[in-house]
Protein chains: 4
Amino acid sequence: MIKVGIVGGTGYTGVELLRLLAVHPDVQLTAITSRKEDGLPVADMFPSLRGVVDLAFSSPDKADLTQCDVVFFATPHGVAMAQAPALLAAGVKVIDLAADFRLKDQATFEKWYKIPHTAPELIEEAVYGLPELNREDIKGARLIANPGCYPTTMQLGFVPLLKAGLVDAGSLIADCKSGVSGAGRKAEIGTLFSEASDNFKAYGVHGHRHTPETSAQLARYTDQKVGLIFTPHLVPMIRGMHATLYARLTRDIDDAALQALFEDTYKDSQFVDVMPFGSHPETRSTRGSNMLRLALHRPEGGNTVVILVVQDNLVKGASGQAVQCMNIMFGLDEATGLKQVALLP
Amino acid sequence: MIKVGIVGGTGYTGVELLRLLAVHPDVQLTAITSRKEDGLPVADMFPSLRGVVDLAFSSPDKADLTQCDVVFFATPHGVAMAQAPALLAAGVKVIDLAADFRLKDQATFEKWYKIPHTAPELIEEAVYGLPELNREDIKGARLIANPGCYPTTMQLGFVPLLKAGLVDAGSLIADCKSGVSGAGRKAEIGTLFSEASDNFKAYGVHGHRHTPETSAQLARYTDQKVGLIFTPHLVPMIRGMHATLYARLTRDIDDAALQALFEDTYKDSQFVDVMPFGSHPETRSTRGSNMLRLALHRPEGGNTVVILVVQDNLVKGASGQAVQCMNIMFGLDEATGLKQVALLP
Amino acid sequence: MIKVGIVGGTGYTGVELLRLLAVHPDVQLTAITSRKEDGLPVADMFPSLRGVVDLAFSSPDKADLTQCDVVFFATPHGVAMAQAPALLAAGVKVIDLAADFRLKDQATFEKWYKIPHTAPELIEEAVYGLPELNREDIKGARLIANPGCYPTTMQLGFVPLLKAGLVDAGSLIADCKSGVSGAGRKAEIGTLFSEASDNFKAYGVHGHRHTPETSAQLARYTDQKVGLIFTPHLVPMIRGMHATLYARLTRDIDDAALQALFEDTYKDSQFVDVMPFGSHPETRSTRGSNMLRLALHRPEGGNTVVILVVQDNLVKGASGQAVQCMNIMFGLDEATGLKQVALLP
Amino acid sequence: MIKVGIVGGTGYTGVELLRLLAVHPDVQLTAITSRKEDGLPVADMFPSLRGVVDLAFSSPDKADLTQCDVVFFATPHGVAMAQAPALLAAGVKVIDLAADFRLKDQATFEKWYKIPHTAPELIEEAVYGLPELNREDIKGARLIANPGCYPTTMQLGFVPLLKAGLVDAGSLIADCKSGVSGAGRKAEIGTLFSEASDNFKAYGVHGHRHTPETSAQLARYTDQKVGLIFTPHLVPMIRGMHATLYARLTRDIDDAALQALFEDTYKDSQFVDVMPFGSHPETRSTRGSNMLRLALHRPEGGNTVVILVVQDNLVKGASGQAVQCMNIMFGLDEATGLKQVALLP
């Protein structure tokens, strides 16, 4: 059994880790920390876990996380970088669901996240935890930077085209839509029910942290200079993310070959579902599951490829992907404990 | 033109007052205060008001509310009682949308609201602002206690039966359901979209502030001792309130006579719509309007009367009712500026 | 492996059965019928099942359901009674999720469902599939009448009080609220998003089919005459059911004893969670899981007991309960394949 | 008073016309037709109109629409073209909210709408009813083709750039999102609450009827060949439309000049609100009102302009725009009866 610790279990990615790990056949939940909720049974905060999780939150000072085999950080940016060095030194693997180790360029990190990086010596070692593109590196990793939810959809949609040299990397457009849980479990007016319900809006159009993360990752797969316009929007739904990706073809290719390219790329990836050409994937077809589904379009047969990508932002876009990485790191089948069927309706 | 001031315009009842008063033909919006937002144009906080309201919030110290003819308090409990004495002394009428003057018994107020009452000398004078039951008193009032949203539905549903001596006043049950805007525009986790959406729950079942307010008002219309069980619930919708009221008949009466009793009671009340016997009113039929609709039922012809009552909690349940009171106080037709048709769908 | 057939797999209880049975360790999905969708892969209709269910719908004529060990009817009322006799004769067990065998009184069935009963000889044999109250009978059953969603919540809430002789059985009130999926997957205007969203209403207040079902079942546990007022409401959420039950105590009992009564009643029922006295269960704490949670209240210490009950109407209120019955009928642990943790948020 | 008739008043654009026209100071509602609902009081179908609209639906045969000054067609495609010739001959003006007269090219119409055009002689005369771009032509029109909801947002966003010759007309991208009411009040499974709620998806990506309409209109404002990729999406909200428009600059221009271009274009248009550069308009800021709001962005200062446009699809996107056209046709102030303030929250 893998002994698992969770730092910061009071947010949505934390409770989602608990939902998945509580019934994972190879995991023993060992500790979950929260400074503020020390002593509170986890199930008192999240009644969905009554009878499933018996742990109580414990203060970070009291919890001995070095007894764990792996520790997940479901925390704000900056926490993992402070605690990872000691854990790694104690032989504990670390999976960070925040951004601390996602950007290889320290200056870019500090510019966008507005905090100094306190563990720069670990940046190089950290492995970007997107299994479909990076599986081999994850196997041997000690420290995982779990991708952001938006970047997961953008990369899995654009990379096959970039690798194949089919599109203009300089004029990529990603029009993305996220459920409100992506904003986290924080007391804020903007995400109140009465503000976010029956409403739709874009945000951060001038610039968003996920743009440099995605651009840097995409650049690994093309020699061209990457130019990416990323527009996030807020959808009145709890879970779910939909990316509508636009790329301009620079070479002739027919629809069947495009479809084959994607099917081939993901033929060994059980969590990527390449739907039939021309499908319209729905976010709810992934609700609560670790699946990402995508479909290709070519409006009026022109030279623009539209890729539609959906996932559950809290599962494949966060906690499910983190568990997937853990499975790979510990030599388990990638899908262990991740076979939940999406909840529809 | 009536010069109107609003204290505390950053909450939902505040913005709703603005929506109604901005197009009221006899009103001149004169001042709106907020300590925190001093100087901010109102329309910057509420873009729905762009081009409609030109005022900026001003700090309470700067705003000279004594130049107003009437001041609305859309504030937390305790603010109106602090400021009303000086305003009244200056000849300004006051309409409080909070609870400061709703309870005639000071001790009951202090027990439920957990603050000392600082203007007890005004309690007696304050008029309970439910026009359908209290129209004459409102005409001459200087100080209005605007009813709570739940109490409005309960009183307008139960009072005809109590006045007619038809039901057991000691076993009234009110199972009420409110949209989330009833909780106000406050940064709290419990009313986040991701918490309140796709969910239903009761709250405060052990006891709620609106029980003593309602019981005390109902007692004015019966000689029996009032016993009221009030169960509030939270509905995943922005606006709307639905009360399902249960009363036990103690006298024989047929359905037509019951219906006639209600139609007669409200024949001069243009904001109470007594629907045909056996109807199922929907909250959305009142969305954005000052209408309250109700319908009577008698399940399987038994001795229990079920009254279904709907309203928009922010209009008839709060700001619309306050404007209705203002109209009466200033000798206008009760419906002036309140003829918005409900938004459906 | 239990060979399972499903008749009528295109509705919400059908797809929910598929979600649960597809990953049930002791089940082999063998056939799923739909006259209209003959030949269509199930996953084409429900993309959440892509990669999980490989079956296609087959026309009822073609499917040989007699090869199954058990057949679930997720059909409109009237279908199971037509097909059950032949299946039972062939040694196949039958679980009907509709109402065909819920009422022991044929005349009452025909009055409320407005169709003649075509298999009256089976009514007596049919076992009412509410395991928490009826477990022993289910073990040996060939034919299960799976309870309605509302009746499940009402019975599990009221029965402990009735059995203990604590309340007036003649004045029970059940104010119930259901998510929209309870209305099924039918093309109707009333349940369109634009009609049902941001809205709340009661329906069927004059009389609803679930009243006679519930009353008849409740009568098994008391010598008093049962009088039940049942008021269903429609909540703008997909899944979830909340019952607010009111009963009048006829004997003195303190809160701790009340709580102990319920805890004791359900101590062996892993799908009933008796929450601490005074809790407010939320429907989302059961979303996608087979748990039913309840909590007791006694407003202002009076003689009315309020019981709050929540469940997922498609799981414990329908398909999950049916699978639970199947597990019992086939000698499995009741919870086999039903350990999904609720999806929160 | 303008005598108004409505053909097809049972859909969402029909009830929205009623909401607006019932309180329009210069309008007398004269007839509303529905073959299916002949004799039914309008307020029985739409209880929001109780006490506001006294008319009953009448069968098309009985209603003498020639007594009207203007008739609105809130009908499926094909109805207006059948009835318009006779009405026009009788001197009645016609405003069609469907597509019958939106496309000047008959073959394109017939290709996309799959019905023959039965009044081709009127196509040339029909005026495209987008007042902000076409006000002068509307003044003298007898027959108005009211624009589609999507095309309104796309044209008002793109046209200033095209007219100024600033962008590449051949690579326009419009990623648009609509509330569910855009699909109409039709009994269909796809728009049920349980299907459309808590979900997000694209549709019609391969080609949508609003693409040729928009392209043809845009072509009026540029010499370049128009190339438009239009991707519609369905948002789980009742009302509201958000267009995210992407255009590539072909000339140097700074942000202030871009902003000035839009402010200048719409300086006389009281229903277009050009928000400050870099704003994020929300659909709810237009809920129930005839306002369209837009804002400009230039991500990372690059050569892509992003225009965010919001409106209420049933008001400015349909019925409000139709009333705006009527006002212009009858010499009234364009905003008469259209000053409803948006409902927020």
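Letters A, B, ... are given to chains in the order of the sequence lines, protein chains preceding strands, and every chain is numbered from 1. Treat the numbers as computed from the prediction; the structure is a model and nothing was measured.
- For the set C:Met275, C:Glu282, C:Lys339, the count of heavy-atom pairs under 4.5 angstrom toward chain A peaks at C:Met275.
- Looking at C:Leu20, there are no atoms closer than 4.5 Å to chain A (heavy atoms on both sides), in backbone or side chain.
- A:Leu344 touches chain C through backbone and side chain together, each having a heavy atom under 4.5 Å away.
- Contacts of A:Arg185 with chain C are absent, with no heavy-atom separation under 4.5 Å from either backbone or side chain.
- For a residue to count as touching a neighbouring chain, one of its non-hydrogen atoms must lie under 4.5 Å from one of that chain's; by this rule A:Leu18 does not touch chain C.
- Taking CG of C:Leu49 as the start and OG of A:Ser285 as the end, the distance is 10.0 Å to the nearest 0.5 Å.
- Contacts between C:Met291 and chain A at a heavy-atom distance below 4.5 Å are absent for every atom of the residue.
- Using a 4.5 Å cut-off between heavy atoms, A:Arg19 touches chain C through backbone and side chain atoms alike.
- Looking at C:Pro345 and A:Val15, their side chains come closer than 4.5 Å, going by heavy atoms from C-beta outward.
- In this structure the side chain of A:Pro47 never reaches within 4.5 angstrom of the side chain of C:Thr286, judged on heavy atoms.
- Of all non-hydrogen atoms in A:Arg287 and C:Ile238, the two that sit nearest each other are NH2-CD1, 4.2 Å.
- Under the 4.5 Å side-chain criterion, counting only non-hydrogen atoms from C-beta, C:Leu343 is not in contact with A:Gln340.
- Highest contact tally toward chain A, considering only C:Leu314, C:Asp273, C:Val23, C:Val52, is held by C:Asp273 [criterion: heavy-atom pairs under 4.5 Å].
- The minimum heavy-atom distance between A:Pro276 and C:Arg50, with the atom names listed, is CD-NH1, 3.7 Å.
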